[in-house]
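Both ligands and their constituent atoms are indexed starting at 1 by order of listing. Along the sequence shown, residues are numbered consecutively beginning with 1. Heavy-atom basis, side chains included; hydrogens, waters and symmetry copies ignored.
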Amino acid sequence: MSPIPDSGRDTLAFARASYRALGLYDPLREPCEVDLSDNTNLFGVPPSAGRALAELAGPAVTRYPAVYARELKRALADYAGVAPEAVVTGCGSDDVLDSAIRAFSEPGDTIAFADPTFAMLPVFARMNGLVARTVPFRADGDVDADALLATGARVTYLCSPNNPTGAACSAATIARVVDGAAGVVIVDEAYIEFAAPHASLAALAPRRANLLVARTLSKAFGLAGLRVGYAVGAPPLVADVEKSRGPYKVSGPAERAAIAALESDRAWVGAHVAEVVANRARFATALRDAGRTVAPSDANFVLVRVADAAAAAAAMRARGVAVRPFPGLTGVGDAVRITIGPWPMMERALAALTEADQ
Ligand code: PMP
């Protein structure tokens with residue numbers, strides 16, 4: 001007989017009430033020959049990071065990593081053009097965003113963001129007991145600063161370039177939101193390396209009281225599997241994110257490989273970013289020449305209108321190309337998001353899309 005008697009109680013009764021309607025994150029992750037579904041770097045592992053990982057054994061594995069990733073912060077600070085005290089790291093920028101939202105709000109407060117944006121925002125809102133207020137984009141494609149400010153939100157999230165639509169917010173709009181917001185503004189720059197040079201607000205953020213800029217090594221740096229994200233802001237803001245984040249979030253091996261990539265692979269990253277930007281223009285032109293509607297993109301993906309997103313993605317997958325379907329996006333309709341990679345992959349995507357969505 002089991003030493004603990006079965007109480008017969010309902011396991012679900014113990015769940016936090018606000019989590020009941022919350023699902024697990026579930027993008028279709030079945031392997032696919034050409035996977036253009038998750039906006040990662042399709043050119044492989046940065047060479048120095050790969051070597052650092054191959055050499056790993058011993059202390060980086062057996063001991064705890066640095067509590068708040070001090071060495072990694074130094075390398076990230078140098079890359080972002082700020083002081084190490086202005087940087088907080090995390091287990092992917094997902095972790096940084098979640099920790100930041102929690103650090104600057106209480107349960108019941110409001111978080112405001114544009115719709116459509118990064119799909120995890122409503123989830124982070126619910127996980128932290130916040131009320132989400134969404135605001136549609138303006139007709140000219142920019143974020144509606146006035147509507148966001150009118151919410152009086154405790155936390156405002158801007159994604160620039162925006163996932164899944166692709167365009168960066170205008171500098172004037174971001175300035176208006178940061179200047180007028182009642183609370184903290186988080187600008188998510190996960191895709192900033194693919195945008196116009198100098199579009200990043202990271203270098204400026206430490207001198208603003210309420211601006212936190214979140215970034216990641218998952219996209220341009222090709223290290224999504226290592227889960228290294230970071231944010232830049234005024235040292236007191238960053239310290240609060242660190243409190244809510246907790247210790248030891250970046251693993252020792254991830255820290256070593258990320259430092260190697262930041263110190264020695266910037267040229268590798270830059271060359272592949274340039275190739276993505278060139279392929280993005282070529283791919284969008286080919287799609288538009290074929291009569292398709294493609295949203296302007298400053299990121300490493302494009303959003304393409306289709307008649308039926310789920311059907312088009314399934315038909316493309318059957319032809320060996322995975323893309324991310326977005327049915328019924330606000331202001332857009334049905335669309336698929338296609339990551340930009342080496343040109344032969346884009347040719348496969350063009351052919352598959354042509355057959356999948358006539
Ligand atoms: N922000 C945006 C806009 C994203 O698209 C993603 C990944 N899809 C993330 C943050 C999270 O990336 P990671 O946790 O890998 O840093």
The atoms of ligand 1 lying under 4.0 Å from a heavy atom of K219, numbered in the order shown, are 7 (C), 8 (N)

Do the ring planes of F221 and Y79 sit parallel (below 30°), tilted (30 to 60°) or perpendicular (above 60°)?
-> perpendicular

Is the backbone of S170 close enough, under 3.5 Å, to the side chain of D142 for a donor and an acceptor to pair up by distance?
-> yes

Identity and separation of the nearest protein heavy atom to atom 2 (C) of ligand 1 = D188 OD2, 3.4 Å

Once the angle between the rings of H272 and W268 is folded into 0 to 90°, is it parallel (under 30°), tilted (30 to 60°) or perpendicular (over 60°)?
-> perpendicular

R227 heavy atoms, cut-off 4.0 Å: which ligand 1 atoms fall inside?
-> 13 (P), 14 (O), 15 (O)

Less than 3.5 Å between some nitrogen or oxygen of S218 and one of ligand 1, yes or no?
-> yes

Could you go step by step and tell me if D357 and R292 meet the side-chain contact (heavy atoms from CB on, under 4.5 Å) rule?
-> CA-CA 10 Å; D357 182 73; R292 294 191 175 275; 2.8 Å; yes

shortest atom 9 (C) of ligand 1-to-protein heavy-atom contact is with F118 CZ, 3.4 Å

Identify, by atom number and element, the atoms of ligand 1 in contact range of N163, meaning under 4.0 Å from any of its heavy atoms.
-> 3 (C), 4 (C), 5 (O)

R256 side chain to L56 backbone, donor-acceptor under 3.5 Å = no

S93 touching ligand 1 at heavy-atom level, < 4.0 angstrom | yes

Relative to the heavy atoms of C159, which atoms of ligand 1 are at a distance of less than 4.0 Å?
-> 3 (C)

Do any N or O atoms from the side chain of S93 and from the backbone of G229 form a donor-acceptor pair under 3.5 angstrom?
-> no

Is there a donor-acceptor contact under 3.5 Å from the side chain of D334 to the main chain of A309?
-> yes

Proximal ligand 1 atoms for G92, defined as those under 4.0 Å from one of its heavy atoms = 14 (O), 16 (O)

